[in-house]
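Keep in mind it's a predicted model, so treat the numbers as computed, not measured. Note on naming: letters A, B, ... go to the chains in the order of the sequence lines (proteins, then strands), and numbering restarts at 1 for each one.
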Amino acid sequence: MIDVTDLLDPLNDAQRQAVTAPSQAMLVLAGAGSGKTRVLVHRIVWQIQVQGVSPHGILAVTFTNKAAREMRGRIEELLQRPTHNLWIGTFHGLAHRLLRRHARQAKLPETFQVMDSADQLRVIKRILQALNLDEAKWPPKQVQWFINAQKDEGVRARHMPETGDLYMRQMIAIYRAYEELCDRSGLVDFAELLLRAHELLRDNPDVLSFYQERFQQVHVDEFQDTNTIQYAWLRLLTQDKNNLFVVGDDDQSIYGWRGARIENIYSFQKHFPGHEVIKLEQNYRSTGNILKAANQVIAHNEGRLGKELWTEAGEGEPISLYAAFNEQDEAFFVIERIRAWIKEGGARADTAILYRSNAQSRQFEERLVQAGIPYRVYGGLRFFERAEIKNALAYLRLIANRDDDVSFERVVNTPTRGIGAKTVDDLRVIARDRGTSLWRAARIMLEHGMLSARAGNALAGFMQLVDRMAAETEGMELFEQVKRTVEKSGLIEFYQNSKGEQGEEKVENLEELVNAARLFDPAIDNEDNLGPLELFLAHAALEAGEMQGEDFDDCVQLMTLHSAKGLEFKVVFMVGMEEGLFPSLQSVEDPKRLEEERRLCYVGMTRAMQTLYMTYAESRRLYGRENYPRPSRFLREIPAEYLQEVRLRAQVSRPAAATPLKTAASASLSVSQYKLGQRVSHAKFGEGVILQLEGQGAQERAQINFKAAGVKWLMLAYAGLAALP
DNA sequence: GCGTCAAGGATTTTT
DNA sequence: TCCTTGACGC
């Protein structure tokens with residue numbers, strides 16, 4: 001008899017019910033911090049150990065590589081053995097694997113390469129140029145968004161009606177040209193991976209039935225984030241087998257803007273009539289007050305599946321609310337609190353500052369630097385996104401596939417070798433006329449002597465270089481291959497000669513790339529007969545790598561609310577709780593988007609384990625303009641009993657340097673009768689002295705030091721002040 | 001080809 | 001306000 005103690009003991013009733021349920025379609029509604037990964041992991045191990053399902057017959061899909069890694073790690077830990085043939089991966093990673101295995105049936109060249117979004121944008125810009133379209137009128141970003149949105153819905157250019165308005169017809173034409181170029185170059189963007197993989201299964205019954213039979217159990221994490229094509233793909237795989245096990249939380253759906261369909265979680269119930277729903281509502285992360293407050297906020301959304309988090313932990317502290325004068329004061333307050341936390345022995349890494357938009361990080365960074373507190377900002381450039389790394393990869397990609405136009409354009413003149421825009425333009429024309437790649441076009445032009453001697457020589461030199469590198473490095477070990485390429489391409493030399501520290505850092509990064517190649521273990525997911533180089537390139541495209549700073553150091557965490565999803569911290573600061581910032585101005589008009597903002601708020605609040613601070617500023621400089629936002633509506637949605645206002649103002653004497661408002665300009669703009677230093681009296685607060693004036697007209701405000709009530713900011717229009725002599 | 005200047009744009013992010 | 005991007009000139 002198998003001992004299932006380890007498997008079931010750590011679970012609560014609902015979790016256990018989900019883990020041990022018979023094979024059937026199942027929707028696990030897992031609230032924040034309710035142990036959803038644990039349920040997935042234990043469910044999979046249960047199937048292997050108790051139900052006798054072979055790991056080979058199990059598929060688990062996640063959104064991020066990190067989640068996939070974590071899940072595999074935990075499964076192996078529980079199983080006490082490696083899980084080689086169990087498929088765990090991201091939607092994109094798995095789609096890529098399918099396409100590699102069935103390239104021909106997917107109508108792709110065996111050597112196809114994956115483009116990241118920056119590559120995609122370059123291609124789009126090229127298309128716009130080729131079509132003679134003005135980028136101002138057809139913003140490349142918007143085109144990119146349009147194309148991806150179509151692909152996310154499974155729509156190709158040829159599916160789109162020719163009838164629409166001019167704008168639509170033009171967009172479709174661009175889309176079509178884009179598809180043609182990608183096909184010619186063997187390039188596949190992220191959305192295309194999913195769409196192709198779906199078409200592959202849909203149009204090839206033999207392939208489909210092979211995988212339908214193989215995968216006895218399909219598991220999906222973060223199901224609320226799936227888009228149309230991802231869900232369609234899942235349904236193809238599991239069609240009549242009722243073997244789809246999804247875990248998700250409709251209240252944590254925050255990626256609607258990039259195609260995620262929260263509706264999938266509702267449709268699931270229609271598409272799989274025999275399904276079971278299990279709710280995980282016991283939260284193991286936060287204290288009672290935080291959870292109750294979060295429950296109240298999210299309750300303002302409509303059409304939820306309905307869940308209420310609860311905890312066995314005590315009430316804990318109320319949420320602290322701080323009204324800052326301005327963004328500087330907000331940062332000051334947050335950093336003071338972090339200081340106090342550290343002073344009491346708390347770890348810096350247990351504190352997180354969460355904001356709605358990246359632009360907000362600056363003031364906190366400045367203060368942290370000032371205070372000498374180490375910190376880490378999430379969301380910078382990733383390793384594989386760095387220019388020098390992409391250049392090196394471009395050479396490698398050309399070695400793997402000469403028709404890769406994006407890579408060709410990227411490095412044809414990097415390092416500079418005298419191939420100018422003119423030559424590349426000529427190449428593009430030929431390539432387009434003949435419907436072929438730049439590489440082939442270059443061949444043709446060289447053979448027909450269509451180039452000037454100088455350009456011709458330079459171009460021939462480049463092509464020989466690539467051919468030579470390919471020949472020389474064939475059969476080499478991967479890292480040796482990468483090393484040679486980096487050197488022979490001239491990139492190392494190029495960056496060494498470029499000036500200063502920047503170049504040095506780039507050389508170091510290139511060395512790091514060689515190192516990454518050395519550490520890269522293709523065996524991990526080489527169930528296919530792919531070469532190590534191809535696998536490495538795919539890895540580079542599908543996993544942009546960690547950000548710069550690793551989290552080895554104990555440092556304060558700064559990130560957007562979006563990137564905080566899935567994480568937890570003892571002390572959380574949600575900053576910038578203001579109308580127009582959070583909820584974002586762009587979202588307030590549309591109820592759907594507003595609800596997504598509210599879910600984001602819910603996600604943010606439920607990150608906090610012990611202490612949650614929420615702050616807003618009464619005045620905020622944004623894009624060079626002073627704003628006087630109102631506190632976020634989400635704050636009003638929290639019942640007062642869970643809130644505690646922090647009153648610091650009278651105690652905080654702000655350093656003069658942090659007071660940008662006392663400028664001559666702002667003082668002179670005060671047309672009113674009030675002056676700095678003027679004594680005034682107020683009906684409620686009594687007598688005081690004006691410390692600062694800012695704004696004008698109806699917006700004019702004064703900071704007043706009241707003898708009895710302390711320092712306050714008041715709108716002059718409403719304050720009803722009387723001037724004293 | 002590189003450096004300088006001006007204009008425009010500025011949620012949220014993974015793959 | 002500030003940063004990125006593109007155009008233009010050496």
Side-chain angles (χ1 to χ4, degrees), chain A residues 61-68 89-96 114-122 125 129 134-136 139-142 145 148 151-152 188-195 197 222 225-227 229-230 253-260 327 354-363 378-382 384-385 413-424 458 494 498-499 538-547 559-566 576 580-588 593 596-597 599-601 603-604 620-627 660:
Chain A
V61 197
T62 64
F63 275 87
T64 65
N65 292 297
K66 194 174 153 213
T90 61
F91 276 102
H92 294 87
L94 295 165
H96 173 255
V114 180
M115 277 190 291
D116 67 14
S117 2
D119 295 332
Q120 183 185 34
L121 197 61
R122 290 168 80 105
K125 287 186 180 172
Q129 266 172 16
D134 183 4
E135 284 193 9
K141 281 256 171 66
Q142 207 172 308
W145 185 86
N148 289 338
K151 290 191 179 188
D152 284 347
V188 174
D189 62 52
F190 289 134
E192 181 75 24
L193 281 170
L194 303 174
L195 178 52
E222 305 277 18
D225 288 338
T226 52
N227 64 29
I229 202 76
Q230 286 162 336
S253 163
I254 55 174
Y255 288 113
W257 52 274
R258 68 177 198 209
E327 70 279 358
L354 309 183
Y355 35 80
R356 176 69 237 267
S357 84
N358 291 113
Q360 288 168 260
S361 77
R362 235 181 81 189
Q363 69 213 47
Y378 281 67
L381 252 198
R382 323 283 277 302
F384 287 112
E385 287 168 2
N413 201 32
T414 313
T416 46
R417 48 174 70 87
I419 300 170
K422 175 73 174 63
T423 310
V424 179
F494 177 67
S498 74
K499 52 163 192 240
H539 168 80
L542 290 171
E543 176 156 17
E546 289 302 310
M547 335 267 164
M559 68 189 84
T560 62
L561 287 156
H562 280 90
S563 17
K565 184 161 158 229
L581 240 196
F582 187 37
S584 148
L585 188 62
Q586 289 96 317
S587 303
V588 287
R593 296 178 67 177
E596 186 154 303
E597 297 275 325
R599 292 193 290 267
L600 191 56
C601 182
V603 166
R620 181 180 296 275
R621 227 179 155 69
L622 209 63
Y623 302 139
R625 278 173 63 152
E626 206 65 45
N627 291 276

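Contacts of A:Ala458 classified as side chain to side chain contact (heavy atoms under 4.5 Å, CB included), with partners at least two apart in sequence or in another chain: A:Ile419. Every side chain to side chain contact (heavy atoms under 4.5 Å, CB included) that A:Ser587 has, sequence neighbours left out, goes to A:Ser584, A:Arg593, A:Glu597. Partners of A:Asp225 according to the side chain to side chain donor-acceptor pair (under 3.5 Å) rule, which considers only residues two or more places apart in sequence or in another chain, are A:Lys565. For A:Asn413, there are no side chain to side chain donor-acceptor pair (under 3.5 Å) partners at least two apart in sequence or on another chain. Scored by the side chain to side chain donor-acceptor pair (under 3.5 Å) test, A:Thr416 finds no partners at all (sequence neighbours excluded). Taking A:Arg362 as the reference, A:Glu366 meet the side chain to side chain contact (heavy atoms under 4.5 Å, CB included) condition, with sequence neighbours excluded. Every residue meeting the side chain to side chain donor-acceptor pair (under 3.5 Å) condition with A:Lys422, not counting sequence neighbours, appears here in chain and number order: A:Asp426.
Taking the six-membered ring for Trp and thresholds of 30 and 60 degrees, A:His562 and A:Trp257 have ring planes more than 60 degrees apart, a perpendicular arrangement.
Mapping A:Gly93 and A:Gln586 onto DNA chain B by nearest heavy atom places A:Gln586 at the nucleotide closer to the 5' end. Between A:Ala421 and A:Ser563, the one whose closest nucleotide on DNA chain B sits nearer the 5' end is A:Ala421.
The distance between atom NZ of A:Lys66 and atom C1' of B:dT13, rounded to the nearest whole Å, is 14 Å. Atom P of nucleotide B:dG9 and atom CD of A:Gln142 are separated by 11 Å, given to the nearest angstrom. Here the C1' atom of nucleotide B:dT12 and the NZ atom of A:Lys141 are 13 Å apart, to the nearest Å. Atom-to-atom, CZ of A:Phe190 to C1' of B:dT13 comes out at 11 Å; the value is rounded to the nearest Å. Whole-Å rounding puts the A:Leu542 CG to B:dT15 C1' distance at 7 Å. Between A:Leu600 atom CG and B:dT12 atom C1' there is a gap of 7 Å when expressed in whole angstrom units. Following rounding to the nearest Å, A:Leu193 (CG) and B:dT14 (P) show an atom-to-atom distance of 17 Å. One atom, OH of A:Tyr355, and another, P of B:dT13, lie 9 Å apart when rounded to the nearest Å.
Annotation: C:dC3 and B:dT12 have their P atoms spaced 15 Å apart (nearest Å).
A sub-4.0 Å separation between OP1 or OP2 of B:dA10 and a side-chain N or O of A:Asn358 is absent. Proximity of A:Asn65 to the phosphate of B:dT15: a side-chain N or O atom is located under 4.0 Å from OP1 or OP2.
Set against B:dG1, B:dT15, B:dT13, the side chain of A:Trp257 has B:dT13 as its closest nucleotide. Checking B:dA10, B:dT13, B:dT15 against every side-chain atom of A:Thr64, the shortest atom distance belongs to B:dT15. Distances were taken from every side-chain heavy atom of A:His92 (C-beta onward) to each of B:dG1, B:dT15, B:dT12; the shortest belongs to B:dT15. When distances are taken from the side chain of A:Arg382 to each of C:dT1, B:dC2, B:dT15, the shortest belongs to B:dT15. The listed nucleotides are B:dT13, B:dA10, B:dT15; the one nearest the side chain of A:Ser117 is B:dT15.
Rounded to the nearest 0.5 Å, atoms CG (A:Leu561) and CZ (A:Arg599) are 14.0 Å apart. Atom CD in A:Gln230 sits 4.5 Å away from atom CZ in A:Phe91 (nearest 0.5 Å). To the nearest 0.5 Å, atom CG of residue A:Asp189 and atom NE2 of residue A:His92 are 8.5 Å apart.
A donor-acceptor contact under 3.5 Å is not formed by the side chain of A:Arg621 with the base of C:dT1. The base of B:dT13 does not come close enough to the side chain of A:Thr560 for any donor and acceptor atom to sit less than 3.5 Å apart.
A:Asn413 comes within 4.0 angstrom of sugar-phosphate atoms only, judged by non-hydrogen atoms across all strands, and of no base. Residue A:Phe63 is in sugar-phosphate contact alone, with no base atom involved, counting any heavy-atom pair closer than 4.0 Å across all strands shown. If you check every strand for non-hydrogen atoms under 4.0 Å, A:Glu597 touches a base.
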Just by protein heavy atoms under 4.0 Å, how would nucleotides 2-10 of chain C read 5' to 3' in B, S and -? SS--S----

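For DNA chain C, each stem of at least three Watson-Crick or G-U pairs (distances under 3.5 Å) is given as range with range: B:1-10 with C:1-10.
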